[in-house]
Amino acid sequence: MDETEFWELVDASREAAEGDPEEQADVLVERLRQLDPEAVLDFARHFEARYNRAYRWDLWGAAWVLLDGASDDAFDFFRCWLIGQGREVFEGALHDPDSLADLLDDFDEEVDGDGEEIGYAADEAYEELTGGVAPDLGLPPQPAEPEGAPLDFEDERALAERFPKLWERFRGE
């Protein structure tokens with residue numbers, strides 16, 4: 001599976017689920033089960049590589065503003081959700097996290113921002129196909145610390161200055 005096929009699968013699953021992350025995870029598992037186990041592992045490698053690329057302070061800050069706070073776990077689940085939004089949103093957010101204010105059409109705080117189940121889709125499909133746990137993907141581990149300069153998430157003024165469009169759209173009174 002190449003990168004284009006990976007993103008096509010992500011996009012098709014999001015569209016079929018009408019943007020609901022939990023439903024998207026179910027659709028992904030269903031579609032991945034139609035592939036051979038090696039293709040599922042390829043999907044998992046693409047997913048994990050992007051998940052690790054998104055481990056950045058500036059993206060965590062954007063998630064903090066968008067979600068009105070983001071613990072370690074919440075940021076992990078946010079990164080899964082971000083991948084689930086497709087290539088344009090994912091790459092746009094990595095290029096400029098504040099651009100999420102423009103890239104996200106609708107954002108339902110009750111549903112969006114948490115893609116935990118999307119992160120498990122490949123593992124679940126692989127296990128259903130083979131009866132076993134997916135092997136190590138052979139990728140470097142996530143860094144111990146996010147990439148970039150740390151942000152003070154408690155400094156609202158600094159967050160508003162760093163992410164003006166997100167702040168106005170999601171935190172503006």
Side-chain angles (χ1 to χ4, degrees), residues 1-56 59-60 62-94 97 99-142 146 166 169-170:
M1 174 177 298
D2 65 18
E3 184 176 16
T4 300
E5 292 168 315
F6 168 80
W7 285 118
E8 286 172 353
L9 199 52
V10 168
D11 289 339
S13 66
R14 185 183 64 261
E15 290 166 14
E18 297 179 354
D20 181 300
E22 286 186 25
E23 180 66 25
Q24 183 178 4
D26 292 341
V27 171
L28 260 176
V29 170
E30 176 75 26
R31 294 188 180 185
L32 288 169
R33 280 196 331 232
Q34 296 171 19
L35 305 174
D36 65 79
E38 194 55 44
V40 174
L41 292 177
D42 286 344
F43 179 90
R45 285 182 193 98
H46 282 290
F47 191 95
E48 190 75 16
R50 278 145 194 83
Y51 179 80
N52 290 343
R53 267 183 65 205
Y55 194 52
R56 300 173 14 176
L59 201 55
W60 198 340
W64 189 276
V65 173
L66 189 65
L67 303 173
D68 196 16
S71 66
D72 293 1
D73 287 344
F75 183 52
D76 290 346
F77 305 153
F78 174 82
R79 290 184 288 152
C80 293
W81 173 83
L82 187 63
I83 295 165
Q85 298 309 292
R87 186 179 205 160
E88 180 183 341
V89 173
F90 179 80
E91 295 293 340
L94 261 64
S99 72
L100 280 169
D102 301 323
L103 292 169
L104 299 174
D105 295 329
D106 297 320
F107 187 84
D108 181 345
E109 293 176 13
E110 299 296 317
V111 178
D112 292 319
D114 180 349
E116 178 180 10
E117 300 302 319
I118 295 170
Y120 298 126
D123 290 335
E124 189 175 325
Y126 186 87
E127 192 170 320
E128 289 179 22
L129 282 170
T130 67
V133 176
D136 181 74
L137 298 173
L139 297 173
Q142 173 177 282
L166 278 171
R169 179 171 172 195
F170 294 99

**Q** Is the shortest heavy-atom distance from the side chain of Glu124 to the side chain of Leu32 under 4.5 Å?
**A** no
**Q** I'd like to know whether His46 forms a side-chain contact (heavy atoms from CB on, under 4.5 Å) with Glu3, so could you lay out the CA-CA distance, the side-chain angles of the two residues, the decisive distance to 0.1 Å, and finally the verdict.
**A** CA-CA 7 Å; His46 282 290; Glu3 184 176 16; 4.1 Å; yes
**Q** In terms of the angle between their ring planes, are Phe170 and Phe107 parallel, tilted or perpendicular, with boundaries placed at 30° and 60°?
**A** perpendicular
**Q** Quick one: CG on Leu41 to CD on Glu38, what's the gap to the nearest 0.5 Å?
**A** 5.0 Å
**Q** Which residues pass the ring-ring contact (aromatic ring centres under 6.0 Å, His included) test with Tyr51, not counting sequence neighbours?
**A** none
**Q** Are any of the side-chain heavy atoms of Glu15 and Gln24 separated by less than 4.5 Å?
**A** no
**Q** Glu128: which residues meet the salt bridge (charged side-chain N to carboxylate O under 4.0 Å, His left out) condition with it, sequence neighbours left out?
**A** Arg33
**Q** Report the residues that fulfil side chain to side chain donor-acceptor pair (under 3.5 Å) with Asp68, sequence neighbours left out, ordered by chain and then residue number.
**A** Arg171
**Q** Identify the two heavy atoms, one from Ala54 and one from Phe90, that lie closest to each other, and give their separation to 0.1 Å.
**A** CB-CE1, 4.0 Å
**Q** If you take all heavy atoms of Ala121 and Leu28, which pair is closest and at what distance?
**A** CB-CB, 3.9 Å
**Q** Within the 4.5 Å heavy-atom criterion, are Leu82 and Leu100 side-chain neighbours or not?
**A** yes
**Q** Minimum heavy-atom separation for Ile83 to Val10, with atom names?
**A** O-CG1, 3.3 Å
**Q** Please name the pair of heavy atoms, one in Trp7 and one in Gly86, separated by the smallest distance, quoted to 0.1 Å.
**A** CZ3-C, 3.3 Å
**Q** Among all residues two or more places apart in sequence or in another chain, which pass the salt bridge (charged side-chain N to carboxylate O under 4.0 Å, His left out) test with Glu91?
**A** Arg53
**Q** Salt bridge (charged side-chain N to carboxylate O under 4.0 Å, His left out) with Arg14: which residues, sequence neighbours excluded?
**A** Asp11
**Q** Determine yes or no for a side-chain-to-main-chain donor-acceptor pair under 3.5 angstrom, with Ser99 supplying the side chain and Asp102 the backbone.
**A** no
**Q** Starting at CG of Leu67, measure out to CG of Asp112 and round the result to the nearest 0.5 Å.
**A** 9.5 Å
**Q** For Arg56, give me all partners under side chain to side chain donor-acceptor pair (under 3.5 Å), at least two apart in sequence or on another chain.
**A** Asp58
**Q** Can you name the side chain to side chain donor-acceptor pair (under 3.5 Å) partners of Gln85, sequence neighbours left out?
**A** none
**Q** Could you tell me if Arg50 sits above the aromatic ring of Phe47, with its cationic atom closer than 6.0 Å to the ring centre and no more than 45 degrees from the axis?
**A** no
**Q** Calculate, to the nearest 0.5 Å, the distance between atoms CD and OG belonging to Glu8 and Ser13 respectively.
**A** 12.0 Å
**Q** Hey, could you give me the CG/CG distance between Asp42 and Leu9, rounded to the nearest 0.5 Å?
**A** 12.0 Å
**Q** How would you list, by chain and number, every residue that makes a ring-ring contact (aromatic ring centres under 6.0 Å, His included) with Phe78, sequence neighbours excluded?
**A** Trp81
**Q** Heavy atoms, side chains only, cut-off 4.5 Å: are Pro21 and Asp114 in contact?
**A** no
**Q** Sequence neighbours left out, what passes side chain to side chain donor-acceptor pair (under 3.5 Å) with Tyr55? Give chain and number order.
**A** none
**Q** side-chain contact (heavy atoms from CB on, under 4.5 Å), that's the test. Do Trp60 and Asp72 meet it? Break it down for me.
**A** CA-CA 9 Å; Trp60 198 340; Asp72 293 1; 3.1 Å; yes
**Q** Using the salt bridge (charged side-chain N to carboxylate O under 4.0 Å, His left out) criterion, which residues pair with Asp26? Sequence neighbours excluded.
**A** none
**Q** Please assess Trp64 against Phe75 for the test ring pair (Phe, Tyr, Trp, His ring centres under 6.0 Å), listing each intermediate value before the final yes or no.
**A** CA-CA 8 Å; Trp64 189 276; Phe75 183 52; over 10 Å; no
**Q** Go through the structure and list residues passing ring-ring contact (aromatic ring centres under 6.0 Å, His included) with Phe43, not counting sequence neighbours.
**A** Phe6
**Q** How about Asp106: does its CG atom have over 12 heavy atoms from other parts shown lying under 6.0 Å from it?
**A** no
**Q** For the residue pair Leu166 and Ala62, what are the closest heavy atoms and their distance?
**A** CD1-CB, 3.5 Å
**Q** Between Gly84 and Ile118, what is the shortest heavy-atom contact and its length?
**A** CA-CD1, 4.4 Å
**Q** Please list, chain by chain and in numerical order, all residues satisfying side chain to side chain contact (heavy atoms under 4.5 Å, CB included) with Asp2, sequence neighbours excluded.
**A** Thr4, Glu5
**Q** So, do Leu104 and Arg169 sit near enough that their side-chain heavy atoms are less than 4.5 Å apart?
**A** yes
